[in-house]
Amino acid sequence: MPMPGLPVQEAAGAAHPLAGTFAEWIWLVPVLPFVGFVINGLLSLVPATRLGPADPSEGGDGHAHVEHAGGTAHDDAHHHPARHPYARLVSLIGPAVLALAFAVTAGIFGVLAGAHAEAPFVRTLFPWIVTGSLHIDAALQVDQLSMVMAMVVTGVGFLIHVFSVGYMQDDPGYPRYFAYLNLFVFFMLVLVLGASYPVLFVGWEGVGLCSYLLIGYWYSDKANADAGKKAFVMNRIGDFGFLVAMFLLFAHLGTLDFVGVGSRASQLTEGGAVVTAIGLFFFLGCAGKSAQIPLYTWLPDAMAGPTPVSALIHAATMVTAGVYLVARSAVLFSLTPVASLTVALIGAITAIFAATIGLKQWDIKKVLAYSTVSQLGYMFIGVGVGAYAAGVFHLLTHAFFKALLFLGSGSVIFAMHRALHHTGSHADAQDMRNMGGLRAYLPWTFGLMWIATLAIAGIPPFSGFFSKDEILASVFARASHSTLADASLLGIPGSALLMVIYVLGLAAALLTAIYMTRMMLYTFHGPNRTGEAERAHLGEAPWVMTGPLVVLGVLSVAGGLLNLPAFMGSLSQTLHHWLEPVTGEAALRITQGEEAHLALGTEGALIGIAVLIAVGGIVYAFMRLKPAVLLPKDQSPEAHGFERVLEHKYYVDEIYDRTVVKPVVGISTRILWKGMDAGLIDGLLVNGSGYLMRGLGWMGARLQSGQVGTYAWVLVIGVLAVLGAFSIS
Amino acid sequence: MIPEALALSAVLFTIGTIGVLTRRNAIVIFMCVELMLNAVNLTFVALSKLYGVTGQVFVVFVMTVAAAEAAVGLAIIIAIFRHGQTVNLKNINLLKG
Amino acid sequence: MPQSPGLFYQVHFYLFGLLAIASALAFVTRKSPVAAALWLVSVMFNLAALYVMMDAHFVGAIQVLVYAGAIMVVFLFVVMLLNLGHPDELSDIRGRWGRLAAGGVGLALLAQIMVLARTRFAPELQVPANPVFGGPPDRGAVGTVAQPLFTEHLLAFELTSILLLAAIVGAVAIGKRRTAP
């Protein structure tokens, strides 16, 4: 742990404008959640006292224990509500450390905004790895990008912590949950504040660990534990890419600091094999962490965790780490059009692919999960085409509205679960076919989720409209004039590819509007399908949960103000200009030194098309879908044809299972386990040496027959041999 | 005469060896060993004609050791016989590992 | 004591030698331990004669006294004490294959000794220019051996006496009938 008394080392010789200011306290930002983790982790060692009846079937008589009306918010009826003895203390500490961290971040943000620092401020805490020419400090970096990310992590993180207080209140592992959540925020802050790739990687791995812990939070269910393992393993594939990229970077530049890489990147050949390889390997890491094709399948499964976790980790923060990494490595990616085009293309394909799957999912969280994958694809389109500010902008707005959507769905599930719990029903609390007409019971959630839906669909003036439009406009602009347009990928010219990406982006926007409207229709509109008994228990969640929703709703509406389109005058492009010290140079290299401005008419036309598509999607969904005729889950018929393919997510999991998992398991079982381990190592080497010794011992024992005659024979033969050796030599 | 004496010694030694290998009676084997010792003694005596009287001194030592060996060995045989009522080595495997 | 052995000497040397071999063969082939022991006594007498013929008078004397007279008597005594005189009780000699193998091994051993004696040690076996035939005549048969025995080899002699003492004690300890403790 860093100590306040440590001497401050300056990154540059000349005093940085932030040196000696409040920014020196940047280490406090990650440390605060860590303190929370330690305290909550210690409290989690105290076992919870059980409140509910021992026999879950007694829950059927309903009102006997109405004082525990909160109930657990997850859909496993076998967990009994059990309030932890220190639940109140944990409820205080968990969100409080986040609030403090947010306050510190905001303070430093203000200092940074006032200082107009062009170079990043690096706060070195202590030397971490010093060996040979490799010198890595445990250092935090204060610059425009890292502070924006830290604001999102602490701000949205705080809101989700508050929401969790209500959502998880009756879970027996309540302090453990908050310990994990605090630890996650700590690692996420290390990730975004780290001043070098290795420090970033520590955070990168740490959030992966916390993600694993929180996906498998209800570990007593094998499916949840499996989902955690799946996420962990798929992320390892990506981490392999991250590591290789770091090795390449160090081998060719001799440094891993962001500052050092930024200043030495020009040593790399533009468009050369080295920088392309670095970019592609980094993107492999991003594809794992940010759930892009082909490593996206873990994210929908990650919905096995508690819903606030899905909101924080699998929507707002961790999964956007890949986007952050590309933006952070903008100087590298701008040198390699091939890697950049790959990023954009994969992003576009992921966006449309996940959106189609989202069309036919019935689990409300699965819809949002595929929506997240799709929107992450959007962000990668942005950072891929060199519109780094646009990508980060969409990251911000997405954090707002997707967190809102997830927390809203959490609110819905909370209400559903509570109702089902009261009647002892074992129906699926997350299946939209079991919901319907909830707007009458959850008016706040209903309204706020519609705001988020309009935002994600890209309806002006909600935030998603601006960010999505910015990305699409950037793609369109770069298709005609940029290094990407001049390059080519797999023989296809970049300009054509960028147009394809643009069209895919538009199509994904259309699908987004449709599946989000579908989700809203099936959840909140039409008749209620929960059943008579349950209906009486449906109701809005407590204010500790609805409050964060309201804040996120405001942000979802107003988030667009951060970066208004260029034609809106002096207030426009705030974020774009803000990030210029970090990504501006790289973005300019891609646009060949010119600001990528479209003509006003063209931009207006593009906005028109985008809005038209979004509205069209919503209207189409309203006209086509009939929530009135939808049947509850257990009565609904099997899907047919392409719908069935979509409902089964293109069978990608099954394909991976056949092509990767089964062979690997088969090889592991037959060759590595049965053959190598059991056969060669255990059998031949371990037992074999035992058998060999036993055999030798058996032979020795045979020799030691006790028959003196035999000994005499052996002795004489030995004498013969010795004498023979004498006579021969 | 010396080479003939040495050849005789070799023959006697070999006969003693064959006896050790073919017999199973512990006492007879013991006597075969004595025969082998005698063959060696013959070598000592024969060579003492060439190299001085030390060979004869050595014969005295060999005889003394043979006497001691006979005393202890026969005592052991008696003990074994008491144990198993036999001196046939086929039936004795106390040294079995 | 002829300088070069005459015919009489040679005849007797071969005679005793052949008798020794014949007795040895008879010794290993007799089934009865008593007969074998007596044939071994015969071997020892013949050897004693050879010793005397090779001017080792003292050795020849103690060969008869100690070996034939003392050691072999002890053997015979034990054989009779343990009542092992009946050859049919014991399958004493190995079967035909055992005997053939032993004979083969014996021949091989003999051949090897011969080869080694001819090649490796042949030079040393040549009679030196001034062969030492016994000791000075004035010391007599005993003095010839006694002089080096009690001077050069005194330590070994004393150690041998300790060995004999240990052997006596050991033989008594081992051969003693165990009483219940």
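Each chain gets a letter, A, B and so on, in the order the sequences are listed, and its residues count up from 1. Any value given below was found using the heavy atoms of this structure, including those in side chains, with hydrogens, waters and symmetry copies removed.
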Problem set entry | Which residues share a side-chain hydrogen bond (donor to acceptor under 3.5 Å, both in side chains) with C/Glu152, sequence neighbours left out |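 Listed in chain order: nothing, the list is empty.
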Problem set entry | Set of residues satisfying side-chain hydrogen bond (donor to acceptor under 3.5 Å, both in side chains) with respect to B/Thr43, sequence neighbours excluded |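 Partners of B/Thr43 under the side-chain hydrogen bond (donor to acceptor under 3.5 Å, both in side chains) test: B/Ser9.
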Do you know which of [options] has the most heavy-atom pairs with chain C at a distance under 4.5 angstrom?
| options | result |
| --- | --- |
| B/Gly16, B/Ala79, B/Cys32 | B/Cys32 |
| B/Leu8, B/Ile15, B/Ile76 | B/Ile15 |
| B/Gly73, B/Ala39, B/Ala70, B/Ala5 | B/Ala5 |

When heavy-atom pairs shorter than 4.5 Å are enumerated against chain B, which of [options] gives the highest number?
| options | answer |
| --- | --- |
| C/Val145, C/Leu163, C/Leu165 | C/Val145 |
| C/Ile168, C/Leu50, C/Leu164 | C/Leu164 |
| C/Ala20, C/Ala173, C/Ala171 | C/Ala171 |

Using non-hydrogen atoms and a 4.5 Å limit, figure out which bit of [X] sits close to chain B: side chain, backbone, both or neither.
| X | result |
| --- | --- |
| C/Ile21 | both |
| C/Ala101 | neither |
| C/Ile62 | both |
| C/Ala156 | both |
| C/Phe75 | both |
| C/Ser161 | neither |
| C/Val105 | side chain |
| C/Val43 | side chain |
| C/Tyr14 | side chain |
| C/Leu149 | both |
| C/Leu110 | both |
| C/Phe27 | both |

Return yes if some donor-acceptor pair links the side-chain N/O of [X] with the main-chain N/O of [Y] below 3.5 Å, else return no.
| X | Y | result |
| --- | --- | --- |
| C/His12 | C/Phe8 | yes |
| C/Arg30 | C/Ala26 | yes |
| C/Arg99 | B/Thr22 | no |
| C/Tyr51 | C/Asn46 | no |

For this session: Please check if any side-chain donor atom of B/Asn41 sits under 3.5 Å from a side-chain acceptor atom of C/Gln63, or the reverse.
Result: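 Short answer, no.
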For this session: Determine the minimum heavy-atom distance between B/Gly55 and B/Phe44, stating which atoms define it.
Result: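 Heavy atoms only, the tightest pair is O-CB, 3.7 Å.
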Tell me, side chain or backbone of [X] under 4.5 Å from chain C's heavy atoms, or both, or neither?
| X | result |
| --- | --- |
| B/Thr17 | side chain |
| B/Val59 | side chain |
| B/Glu69 | neither |
| B/Leu12 | side chain |

Taking the side chain as every heavy atom from C-beta outward, state whether [X] and [Y] have any pair of such atoms under 4.5 Å apart.
| X | Y | result |
| --- | --- | --- |
| C/Leu25 | C/Trp39 | no |
| B/Leu42 | C/Met54 | yes |
| C/Pro148 | B/Val53 | yes |

For this session: Can you label the angle between the B/Phe58 ring and the B/Phe61 ring as parallel, tilted or perpendicular, going by 30° and 60°?
Result: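 Because their plane-to-plane angle is over 60°, the rings of B/Phe58 and B/Phe61 count as perpendicular.
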Problem set entry | Candidates C/Leu81, C/Ile71, C/Val74 - the one meeting side chain to side chain contact (heavy atoms under 4.5 Å, CB included) with B/Leu74 |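 Among C/Leu81, C/Ile71, C/Val74, the one that satisfies the side chain to side chain contact (heavy atoms under 4.5 Å, CB included) with B/Leu74 is C/Val74.
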